[in-house]
Structure formats: structure tokens, C-alpha cells
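The figures here come from the full heavy-atom set of this structure, side chains too, leaving out hydrogens, waters and symmetry mates. Lettering of chains follows the sequences in order, A, B, ..., and the numbering in each one begins at 1.
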Amino acid sequence: MIDPKLLRQSAADVAANLARRGFEFDADGYLALEERRKSLQVETERLQSERNTSAKSIGKAKAQGEDIEPLLAAVKQLGERLEASEAALQEVQAELRDIELGLPNLLADDVPAGNTEDDNTEVRRWGEPTDLGFEPLDHIQLGEQLGQIDFDAAARISGARFVVMTGPLARLQRALIQFMLDTHTSEHGYAEAYVPYLVRTQALVGTGQLPKFEEDQFKTIDENPFYLIPTAEVPVTNLARETIFDADALPVRYVAHTPCFRSEAGSHGQDTRGMIRQHQFEKVELVQFVAPDASMAALEELTGHAEVILQRLELPYRVVTLCSGDIGFGSTKTYDIEVWLPGQQRYREISSCSNCNDFQARRMQARRRNPETGKPELLHTLNGSGVAVGRALIAIMENYQEADGSIRIPDALAPYMGGLKKISP
RNA sequence: GGAGAGAUGGCUGAGUGGUCGAAAGCGCUCCCCUGCUAAGGGAGUAAGGGUUAAAAGCCCUUCGAGGGUUCGAAUCCCUCUCUCUCCGCCA
């Protein structure tokens, strides 16, 4: 959520910033509504004050044994006026809140202009696109040749966009998870977190998936429904919900492995084959809570933490800054890490690292105590994949394939594979 | 699933219709005192919001959440959520 005070005072500036995303913010409409809120709130609070004063004097009079009948008569119609005023105020406030919850985050100044992913700007590359010396297969062919990926079986159980893996390949996914968690906890200062995979509405509102992206979520049928988490970002970031961190407690860093569930509404026809885009996939997620002035530096750091994983796995990648039209709803600045996939002969997203500054923190009242003022203030939240496990698995399969269709195990994963050097049919 | 108890500020915990945003203790901050340490004395110490250019001040809201009764609710009623105890079941 954008600071309502800023919306009031600089609605036009906000509109201009959001326009860079291609988002249209009706500043005049908002300000008109805001004017109504102001007069209604002032009036409502005046009436409340009046009620409180008279209630107190009635109490006092009664205690002294005086006749309270005339006092009661005097406040008789106050209740009705107050009730009407409160109801009107509530309605306007709900309307304002709906608008505010629907506004994406303000963009950082250095976010490049653009409309699609083609306009993202490359920041750096690591490694060279793998030259295998033969015609590479993609992970689908490789997996089926190995007999360790079975999309048909998955379809019989659950339909499209699911996968079944067996044998060493299934173990390789587990090895990746372990490797990533170990690296981030032992080298990058993250605490491992185990969190719920089913969450309440408020948690998703906190991180920004709701109310706007309801159709992307899986949800239980219940009058008080659970949502399946689309990313560990949701439960982990909500660890800061309604808390005030001591000044010296930050930064707080969490890493969590969870499955992620996405309905993929609106992505029909995209990546339908293979396990690039699934309803269920594994991800290791990095989350940080930092002081407001520290978040941009933390974004660089966190992105670097994700990069280390790819470097250790010796997977070629590049880092791009997402342009104004491609960046996510809650982010003020995002780096994507794209890994080279020989089967597709191109870079594909394997991690997305975002600085959400106070956007999520405001939605969930995540604060820290300012050491100078002693007062609570919103902290900043960041998240990034460290990294997407399924896609890392694909990247290893395709980059480490041999001419005979077997797959070498990267050295970094050797300790997790029980001595296995290569996966063969 | 059944029965019962409970949810109050950073923590413990009092408060069962009126001057209670809330006793007391702990913790924390500042000051005084004491040669160090320990002890002692005093003051302060919730959050959110509105008004304001901003601050001060003033006002509103909040005692798990939502609704209700009342001139007035932490306190009474209803619903929900969560926690604890016992029984049952269970990985």
C-alpha cells in the first residue's frame, strides 16, 4: 500500500509514477472521495466526543444522586446522528481502502521504462552459454529418455501442469533444496524457517496477492477459506506482521523451502509442455526485514546470494532489471536472474528479487523502533527466489547433459547425491 | 469429535456497567544518591488514526475479532478465531 498521506498530498505525482507501469490512477476521483472522508471523519469524531462528554456527566450526576432524566433527554437524538455519520464514514473509508489496496507500489527512479520483458535491461552476465558440442535435448526429452519424468502419470492423477519424478532425478531435486538451504544458512546469514502452506486471506492481503490477484490462487471451499501459498514469500514475510522489531534486531533474514501453488490463470498456452510452468513447484525463498534506509543495498546483497547458487552449480546466467511494465505489483525495484537453457537456446527466469520497501510492511503493520526517535516506523521487506528449484533442476539437466542422454551431477551437489556422479537411463 | 477454562499494554497480572487507556509488579529510559559492585530514591514509558505545511496541543479509536444491549461496555448478550486442561481419535 502506498502511504495514504502521500496519496492525499501528492496524488498527481503518484499518478505519474504509476503511469510508468501503464497503471491508471484516477487522482481526481480519489481526492474527491478523500475530501468526503475528511469532512465525515471530522464530523463523526466531533459527535463521538460529544457523546463521551455527556456520558461522563451523566455518570457523574448519577454518582451524586442527582436527577439524570433531563441529561438523558438532551442526548437522545445524538445517537441517531452519530450512527448515521459513522455508517457514512465507514462506507467512504472502505471505498478508499479498496482503491488503496488496488494500487501497485511506486517505482524506484532507476527502474527502466518499458512495456514487456523485452524492455528489461541486462545488468551483468556470468559464464557463457553452454556449448555442448552436440544438438542439445530439452528436459522433457531427457527426462522421458531416462524414464524418471512422467507427465502422463501426473496427468492421470492431477491433470495438466503437474509432474511425477522418480529415482535419482527426484533425489536431485531434493539435493538442490538441501544445497540451497545449507548455503544460505551457513554462508549468507539466513535463518531457516518452516512455515504453513495454507494461509488466511489477511496474509495474502499483507503481501499484495489479494485482493487483486484472487484468480491466481488456489483456495479451499469453506466459508473461512484457506489459500494455498503461491510462494513462501507469503507466510515468511508475514512473520513480521503486527510486530515492532527492536532497533538492533534488524536485518532479519529468513530462508524457507516450500512447495508453491499457482492456478496459472491467464497463462494458457504458455509453457504448456514440460515443467517450466506448473501448478505445483518447489522453491527456496529468501526474505529480509531491514531498516528503511537499508533496503536498496539489501536488494543488491540478496540478489548476490541467489547468484551464488548458480555460480556454485556452474550454470550460466544473466541478471536483468525489470522494466516498468514487467515489474511485479508490490515491488519498487526487481532484478530477475535468468539461467541459460540449452534446450530452449535462451535465458529463462530462475529467480526474481524484489525490494518492496514499505509497501507490504504498511499492509501488515510490520515495524521497527527507530533508534533516534524511539518511535515505531514501517520497516522494509525484500524477497527473492534463492532459487526456483524445479527450474534449477531443468537447468542442470539441460546444461549437464551428455551426448548419450545421461546427466552429470554438478560437483556442488555431490555430497547430497550419495556419491552418484551421473544419472543414466 | 465431546466437556470445561481462558484471551487485558514489551512481559506477569488486577479490574465484572460510569471520572479506566486501564492498579500493581517486572522490564526499559532518564535523573538523584552511593568511592567500584550491590542496594536505594524520583520521573517517564502502548499502538493506530484525525486535525496541521509541520510540530505542539486537542480530539477519535483500540482490553482476541466482528456484531448487539445501553446515555455510557475491558466489564452484559450473540457469533467467530485462537490458546490451555481432560476424554476420544490420530501421522
Considering only side-chain heavy atoms of [X], which listed nucleotide, [options], is closest?
X: Ile58(A); options: C71(B), A47(B), U61(B); value: C71(B)
X: Gln365(A); options: C60(B), U51(B), G48(B); value: G48(B)
X: Arg200(A); options: A47(B), C82(B), C60(B); value: C82(B)
X: Lys62(A); options: G48(B), C59(B), G18(B); value: G18(B)
X: Lys56(A); options: U52(B), U19(B), C60(B); value: U19(B)
X: Leu72(A); options: U19(B), C71(B), G50(B); value: C71(B)

Give a yes or no on whether the ring-centroid distance for [X] and [Y] is below 6.0 angstrom.
X: Phe289(A); Y: His380(A); result: no
X: Phe218(A); Y: Tyr227(A); result: no
X: Tyr190(A); Y: His305(A); result: yes

Query raised in the report: What does Ser54(A) touch in the nucleic acid at a heavy-atom separation under 4.0 angstrom: a base, only the sugar-phosphate, or nothing?
Result: nothing

Query raised in the report: Heavy atoms under 4.0 Å, any strand shown: does Arg367(A) hit a base, just sugar-phosphate, or nothing?
Result: sugar-phosphate

With rounding to the closest Å, how many angstrom separate the [atom1] atoms on [N] and [M]?
N: A56(B); M: G64(B); atom1: P; value: 30 Å
N: G10(B); M: C63(B); atom1: C1'; value: 16 Å
N: U19(B); M: A74(B); atom1: P; value: 9 Å
N: A24(B); M: G41(B); atom1: P; value: 15 Å
N: A43(B); M: A47(B); atom1: C1'; value: 23 Å
N: C89(B); M: C11(B); atom1: C1'; value: 37 Å
N: U51(B); M: G44(B); atom1: P; value: 31 Å
N: U85(B); M: U79(B); atom1: P; value: 25 Å

Whole angstrom value for the distance that separates [atom2] of [N] from [atom1] of [X]:
X: Glu80(A); N: U70(B); atom1: CD; atom2: P; result: 12 Å
X: Glu242(A); N: G10(B); atom1: CD; atom2: P; result: 12 Å
X: Gln48(A); N: C58(B); atom1: CD; atom2: P; result: 18 Å
X: Leu89(A); N: G49(B); atom1: CG; atom2: P; result: 15 Å
X: Gln90(A); N: U62(B); atom1: CD; atom2: C1'; result: 14 Å
X: Glu83(A); N: G72(B); atom1: CD; atom2: P; result: 10 Å
X: Lys5(A); N: U51(B); atom1: NZ; atom2: C1'; result: 10 Å
X: Arg362(A); N: A47(B); atom1: CZ; atom2: P; result: 18 Å

Requested in this report: Please determine if Glu50(A) and Arg46(A) form a salt bridge, counting it only when a charged side-chain N lies under 4.0 Å from a carboxylate O.
Outcome: yes

Requested in this report: Output yes when Asp216(A) and Arg262(A) qualify as a salt bridge under the 4.0 Å nitrogen-oxygen rule, no when they do not.
Outcome: no

Query raised in the report: Between G50(B) and Arg8(A), is there an OP1 or OP2 to side-chain N/O distance shorter than 4.0 Å?
Result: yes

**Report entry** Distance below 4.0 Å between Asn52(A) side-chain N/O and U61(B) OP1 or OP2
**Finding:** yes

Requested in this report: Using heavy atoms and a sub-4.0 Å distance, could you list which residues of residues 30-43 of chain A are near RNA chain B? By number, please.
Outcome: Arg37(A), Lys38(A), Gln41(A)

Requested in this report: State the dot-bracket string of RNA chain B. Criteria: Watson-Crick or G-U wobble, both atom distances under 3.5 angstrom; notation: ( ) intrastrand, [ ] crossing earlier pairs, | interstrand, . unpaired.
Outcome: ((((((((.[[[..)..(.....]]]((((((.......))))))((((((.....)))))).[[[[[..)....]]]]])))))))....

**Report entry** Set of ring pair (Phe, Tyr, Trp, His ring centres under 6.0 Å) partners for His257(A), sequence neighbours left out
**Finding:** none

Rounded to the nearest 0.5 Å, what's the gap from [atom1] on [X] to [atom2] on [Y]? Could you check?
X: Leu82(A); Y: Glu43(A); atom1: CG; atom2: CD; value: 9.5 Å
X: Leu72(A); Y: Ile58(A); atom1: CG; atom2: CD1; value: 4.5 Å
X: Leu299(A); Y: Cys353(A); atom1: CG; atom2: SG; value: 7.0 Å
X: Glu398(A); Y: Leu393(A); atom1: CD; atom2: CG; value: 10.0 Å
X: Glu285(A); Y: Thr231(A); atom1: CD; atom2: OG1; value: 4.0 Å

Report task. Give a yes or no answer on whether the side chain of Thr185(A) reaches the backbone of Asp182(A) with a donor-acceptor pair at less than 3.5 Å. Result -> yes

Query raised in the report: On RNA chain B, nearest-nucleotide positions of Glu45(A) versus Arg51(A): which is more 5'?
Result: Glu45(A)

**Report entry** 5' priority, RNA chain B, between Gln9(A) and Ser49(A) [closest heavy atom]
**Finding:** Gln9(A)

